[in-house]
2 protein chains.
Amino acid sequence: MARLPEYLRALHNLAETGHETVSSEGLANAAGVNSAKLRKDLSQLGSYGTRGVGYDVGLLIDQIEYVLGLTQRRAVALVGVGNLGHALAGYDGFASRGFRIAALFDADQERVGEEISGLVVRHVDELPRVAAEESIAIGVIATPAAAAQRVADQLVAVGVTSILNFAPCVLTVPEGVDVRKVDLAIELQILSFHEHRKASLTALPATGGSALTALSGGLAVSEGQEAIGT
Amino acid sequence: MARLPEYLRALHNLAETGHETVSSEGLANAAGVNSAKLRKDLSQLGSYGTRGVGYDVGLLIDQIEYVLGLTQRRAVALVGVGNLGHALAGYDGFASRGFRIAALFDADQERVGEEISGLVVRHVDELPRVAAEESIAIGVIATPAAAAQRVADQLVAVGVTSILNFAPCVLTVPEGVDVRKVDLAIELQILSFHEHRKASLTALPATGGSALTALSGGLAVSEGQEAIGT
DNA sequence: AGGCGCTTGTGAAGACGTGCACAAATCGCG
DNA sequence: CGCGATTTGTGCACGTCTTCACAAGCGCCT
Ligand SMILES: NC(=O)c1ccc[n+]([C@@H]2O[C@H](COP(=O)([O-])OP(=O)(O)OC[C@H]3O[C@@H](n4cnc5c(N)ncnc54)[C@H](O)[C@@H]3O)[C@@H](O)[C@H]2O)c1
Ligand SMILES: NC(=O)c1ccc[n+]([C@@H]2O[C@H](COP(=O)([O-])OP(=O)(O)OC[C@H]3O[C@@H](n4cnc5c(N)ncnc54)[C@H](O)[C@@H]3O)[C@@H](O)[C@H]2O)c1
């Protein structure tokens with residue numbers, strides 16, 4: 001389930017605040033989801049709630065971390081240490097959430113050798129050797145789109161089966177390899193769509209207006225995320 | 001539809017390659033989706049394909065850009081010019097996809113006044129004045145989680161109705177305001193989950209193994225993204 | 001002009017996710 | 001010990017999304 005990480009984060013917050021137990025309602029609130037949905041999700045983990053009381057925060061954290069495979073700290077390789085790569089490499093939020101940036105790679109000789117928060121940037125050709133040493137579990141691609149497919153191929157070649165891709169392009173990978181994409185421009189465009197829809201609706205309250213207005217008003221808007229009402 | 005931006009990107013690629021028309025199959029391939037799904041999506045835009053030929057690339061681009069509200073270049077305000085904020089501010093991919101970073105804000109006096117790719121960082125208290133001048137459409141939050149809710153409130157106060165949030169926390173906003181969240185750690189954790197699942201499955205081919213194995217094997221894995229097989 | 005191959009648009013079926021509503025279970029308290 | 005308050009776990013119904021499959025439409029070639 002894609003919501004598990006969200007629950008986990010909320011649980012960690014609760015744990016730091018001193019809570020020992022949470023009701024499904026409380027946790028659902030903190031995670032921004034429906035309480036029934038949350039209970040259904042958690043019931044799939046093997047039922048660790050006590051009726052009348054709620055869920056044991058610590059136990060639930062352990063459960064979710066186990067299911068997510070966070071009991072072992074996974075090694076991440078970051079390829080492409082440019083604008084975005086620098087930010088990622090210097091981000092401490094990964095370490096606190098179960099990951100360890102194990103190596104940085106770039107193709108630019110100017111960047112090779114540079115040290116970023118304790119790690120030295122290596123040439124991408126060294127990937128096979130480093131992968132063998134570090135047992136990389138996840139590869140992150142932060143190169144321009146033109147280079148992304150080649151980098152993906154290289155990652156797959158050294159045995160990486162999970163890739164997080166920041167380049168705005170579709171990657172083709174063998175079956176068994178998971179790819180997730182983060183494209184900020186797409187996020188903005190989805191927001192822009194909503195803006196446009198809102199604007200059209202307020203401008204033409206009941207007329208129906210242009211074909212586009214009817215379209216955007218009548219169509220389902222399900223992007224896997226939605227606004228959280230007050 | 002959340003897939004429209006993906007189609008748009010693929011279409012721009014095709015246009016640059018000199019294609020004048022595309023079949024649904026071709027475009028679906030380029031965007032990484034099923035062709036039937038793509039046709040159904042496009043049919044909602046008002047049917048601009050020619051049977052036996054395909055879709056006119058240029059026309060389709062115009063259509064999608066109109067629906068997404070990209071005919072006007074929307075102004076984006078970026079709040080929090082730290083590690084990540086710098087990368088975002090210096091990213092030229094926004095400009096080419098219909099957006100204009102109109103202003104940068106930070107609360108740290110040390111950062112106020114700094115110039116990043118032609119824009120001067122302003123203090124977040126100036127937001128009301130600048131928003132009035134620039135008619136900000138979208139706000140991007142790249143502050144620590146602790147400050148995110150306050151910043152969101154400030155953005156809403158000046159009339160922003162679309163927010164892209166990079167901080168790992170749930171934002172509460174009034175109805176009518178859209179929030180999208182990008183949490184990199186969550187992306188990694190989802191990948192980690194798949195890694196764990198794959199490992200469990202290969203380790204215990206048919207036994208069923210632990211409760212967790214049965215769980216992860218039997219449960220639906222739908223995270224809004226999936227691997228693209230070869 | 002006619003036929004043929006290709007492509008779109010869509011009906012229908014199935015899978016999936018969501019949320020309500022309620023029974024079962026547990027705790028605390030009198 | 002029993003009762004009520006509280007909260008979990010889930011059956012069920014509903015709406016949405018996905019995919020297949022195919023008829024209708026279009027252009028090209030003969
Ligand atoms: N900067 C952002 O905020 C941002 C936002 C969204 C998306 N992106 C995307 O992230 C990617 C990187 O963006 P950026 O701003 O960091 O670009 P950048 O040009 O600053 O950095 C790219 C880096 O990748 C390296 N590189 C190029 N080819 C390589 C190869 N084959 N192997 C290894 N390294 C290689 C380059 O040497 C460079 O250091 C781009 O695809 C961009 O579209 C960036
Ligand atoms: N750096 C990354 O790669 C990365 C990755 C994923 C998520 N994030 C998230 O993005 C956010 C920013 O990360 P970062 O690495 O840039 O952190 P950072 O500490 O480098 O930058 C945060 C910036 O926000 C500013 N700020 C703090 N409070 C503010 C306020 N009230 N108003 C305006 N500005 C304020 C700070 O002065 C600072 O410049 C964090 O929530 C982080 O979890 C970052």
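The chains referred to below are lettered A, B, ... by the order of the sequence lines, with proteins before strands, and numbering in each begins at 1.
Of the residues near DNA chain D, A:Lys40 and A:Gly54, the one whose nearest nucleotide (by heavy atom distance) lies more toward the 5' end is A:Gly54. Both B:Glu25 and A:Asn34 lie near DNA chain C, and the one whose nearest nucleotide falls closer to the 5' end is B:Glu25.
B:Tyr48 and B:Asp56 share no donor-acceptor pair across their side chains, judged by distance under 3.5 Å alone. A donor and an acceptor atom, one from each side chain of A:Thr161 and B:Glu195, are located under 3.5 Å apart.
A straight line from CZ of B:Arg39 to P of D:dC20 spans 11 Å, rounded to a whole angstrom. Going from atom CG of B:Leu38 over to atom P of D:dT18 covers 12 Å, rounded to whole Å. For A:Gln44 and D:dG11, the CD to C1' distance is 14 Å, given to the nearest whole Å. The distance from atom NE2 of B:His19 to atom P of C:dT7 is 13 Å, rounded to the nearest whole Å. In this structure, the CG atom of B:Asp41 is 11 Å from the P atom of D:dT19, given to the nearest Å. The interatomic distance linking A:Leu45 (CG) with D:dT8 (C1') rounds to 14 Å, in whole Å. Rounding to whole angstrom units, CG of residue B:Asp56 and P of C:dT8 are separated by 13 Å.
Counting all heavy atoms, side chain and backbone alike, B:Pro168 lies closest to A:Arg97 at CB-NH2, 3.1 Å. The two residues A:Ala167 and A:Ala145 have their closest heavy-atom pair at CB-CA, 3.8 Å.
For B:Asn34, there are no side chain to side chain donor-acceptor pair (under 3.5 Å) partners, not counting sequence neighbours.
Taking only side-chain atoms of A:Tyr55, from C-beta outward, the nucleotide of D:dT8, C:dG9, D:dT18 with the closest atom is D:dT8. The nucleotide whose nearest atom lies closest to any side-chain atom of B:Lys37 is, among C:dG9, D:dT10, D:dT19, D:dT19.
A donor-acceptor pair under 3.5 Å links the side-chain atoms of A:His196 to the main chain of B:Val67, judged by distance alone.
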What does the list of N/O pairs under 3.5 Å between the protein and nucleotides 27-30 of chain D look like, with a distance for each?
none

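Among the protein residues, A:Ser35 comes within range of no part of the nucleic acid, since none of its heavy atoms lies under 4.0 Å from any strand.
Annotation: the span from B:Leu68 atom CG to A:Gln189 atom CD amounts to 6.0 Å, rounded to 0.5 Å.
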